Protein chains: 2
Amino acid sequence: MNETFKALSDANRRQILRLLRQGDLTAGEIAEHFSMSKPSLSHHLNILKQAHLVLRERKGQHVLYSLNTTVLQEVMSWFLELTDEYNRDEGALK
Amino acid sequence: MNETFKALSDANRRQILRLLRQGDLTAGEIAEHFSMSKPSLSHHLNILKQAHLVLRERKGQHVLYSLNTTVLQEVMSWFLELTDEYNRDEGALK
DNA sequence: TAGATAATTAGAATATCATCTAAATAAATG
DNA sequence: CATTTATTTAGATGATATTCTAATTATCTA
């Protein structure tokens, strides 16, 4: 859970997730939306990957990234635990 | 939104929020749950305060902290935008 | 008002993070 | 097989973040 929140704590990475919401994109396509260098972008994609927030698949010369909504929903559960006063489940998500 | 996620990206701060979920606590009571120094704890509380994730109220000699569920629900909305494929609202939350 | 208790602020040390350029790897194509 | 294109890895640098101790502020009480 820590890795996930760390990954989400950067505005560029959240922007990447928003882009991917509209459909899968290659690393290069994602880079077009940012002014930072490609290595920097790659670094951010790697952090999102390690946090399992995105999925990566090589397509020939390109690398295609997509959202992993499963993990996003786990994070939502974390928030629900925190906000839903009727939830008496003592949370496993740290 | 950035400040909020930054605040959530630290495990100690998320633990503070979980503690507060069960009821309001003074700074000292919160500190009892951690091994770090009180100034460090105070620093974390300050970050949560600036992110509007907690509310602070002086009670005589003590300072009482409580969850601000309003902001937590805003963060939840951010996730919903990202995960709910039928939500066609182009998000204001960055 | 002096002393005790609760909490925060100041300032410094250390660790982590974001970003860059240069170099390396992987795949496609002439 | 040499070259081009797409992407990542390596290594360095500057900026942020976390944590500590010491000092300060605020409040309560004898």
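Just so it is clear, the model here is predicted, and its values are computed rather than measured. In the text below, chain A, chain B and the rest are named by the order of the sequence lines, each starting its count at 1. Side chains are part of it too, since the values below use all heavy atoms of this structure and drop only hydrogens, waters and symmetry mates.
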| Nucleic acid contacts - residues 39-48 of chain B versus DNA chain D, non-hydrogen atoms under 4.0 Å | Pro39(B), Ser40(B), His43(B), His44(B), Ile47(B)
| message | Categorize Tyr65(A) for me: base, sugar-phosphate, or nothing, with a 4.0 angstrom heavy-atom threshold over every strand shown. | response | sugar-phosphate
| request: Please check the phosphate of dT18(D) (OP1 and OP2 only) for any side-chain N or O of Arg13(B) closer than 4.0 Å. | output: yes
| Touch check for Lys49(B), heavy atoms < 4.0 angstrom, all strands: base, sugar-phosphate only, or nothing? | nothing
| note | note: Gln61(A), atom CD; dA6(D), atom P; distance rounded to Å ~ 6 Å
| request: Report yes or no: does Arg21(B) contribute a side-chain atom to a donor-acceptor pair with the main-chain N or O of Glu81(A) at less than 3.5 Å? | output: yes
| task | On DNA chain C, check which nucleotide each of Lys59(A) and Lys38(A) is closest to and give me the residue with the more 5' one. | result | Lys38(A)
| If every non-hydrogen atom of Lys6(A) is compared with every non-hydrogen atom of Ser9(A), which pair is closest and at what distance? | O-OG, 2.7 Å
| said: Under the criterion side-chain contact (heavy atoms from CB on, under 4.5 Å), I'd like the reasoning laid out for Leu53(B) against Ile47(B): C-alpha separation, chi angles, the key distance, then a yes or no. | reply: CA-CA 9 Å; Leu53(B) 285 164; Ile47(B) 286 171; over 6 Å; no
| Of residues 25-33 of chain A, the positions that come close to DNA chain C - non-hydrogen atoms, cut-off under 4.0 Å | none
| query | Rounded to the nearest Å, what distance is computed from the CD1 atom of residue Ile16(B) to the C1' atom of nucleotide dT18(D)? | reply | 13 Å
| query | Taking the six-membered ring for Trp, are the ring centroids of Phe79(A) and Phe79(B) within less than 6.0 Å of each other? | reply | yes
| Same cluster or not: are Leu64(A) and Leu45(A) linked, directly or through other Ile, Leu, Val, Met, Phe, Trp or Tyr residues, by side-chain heavy atoms under 4.5 angstrom apart? | no
| task | Could you tell me whether the side chain of Asn68(A) and the main chain of Leu55(A) form a donor-acceptor pair under 3.5 Å? | result | no
| query | Between Leu64(A) (CG) and dT8(D) (C1'), how many Å, whole number? | reply | 16 Å
| task | Let me know the distance between CG of Asn2(A) and P of dA17(D), rounded to the nearest Å. | result | 15 Å
| field | For Leu82(A) against Leu67(B), the heavy-atom pair lying closest together | value | O-CD1, 3.8 Å
| Between dT7(D) (P) and Arg56(A) (CZ): distance, integer Å | 12 Å
| query | Could you state the CE-C1' distance from Met36(A) to dT7(D), rounded to the nearest angstrom? | reply | 15 Å
| message | Is the shortest side-chain heavy-atom distance between Lys59(A) and Thr26(A) below 4.5 Å? | response | no
| said: Strictly distance-based, threshold 3.5 Å: is any side-chain N or O of Arg13(A) a donor or acceptor partner for the main-chain N or O of Ala7(A)? | reply: yes
| said: Just the rounded figure in Å: distance from P of dT7(D) to CD of Glu57(A). | reply: 14 Å
| Contact summary for Glu29(B) and Asp24(B), nearest pair of heavy atoms | OE1-O, 4.5 Å
| said: Using side-chain contact (heavy atoms from CB on, under 4.5 Å), reason through Gln50(A) and Glu3(A) one step at a time and then give a plain yes or no. | reply: CA-CA 8 Å; Gln50(A) 281 177 246; Glu3(A) 213 170 16; 3.8 Å; yes
| message | Reading DNA chain C in the 5' to 3' direction, which nucleotide is the first one with an atom under 4.0 Å from a heavy atom of chain A, and which is the last? | response | dC17(C) to dA28(C)
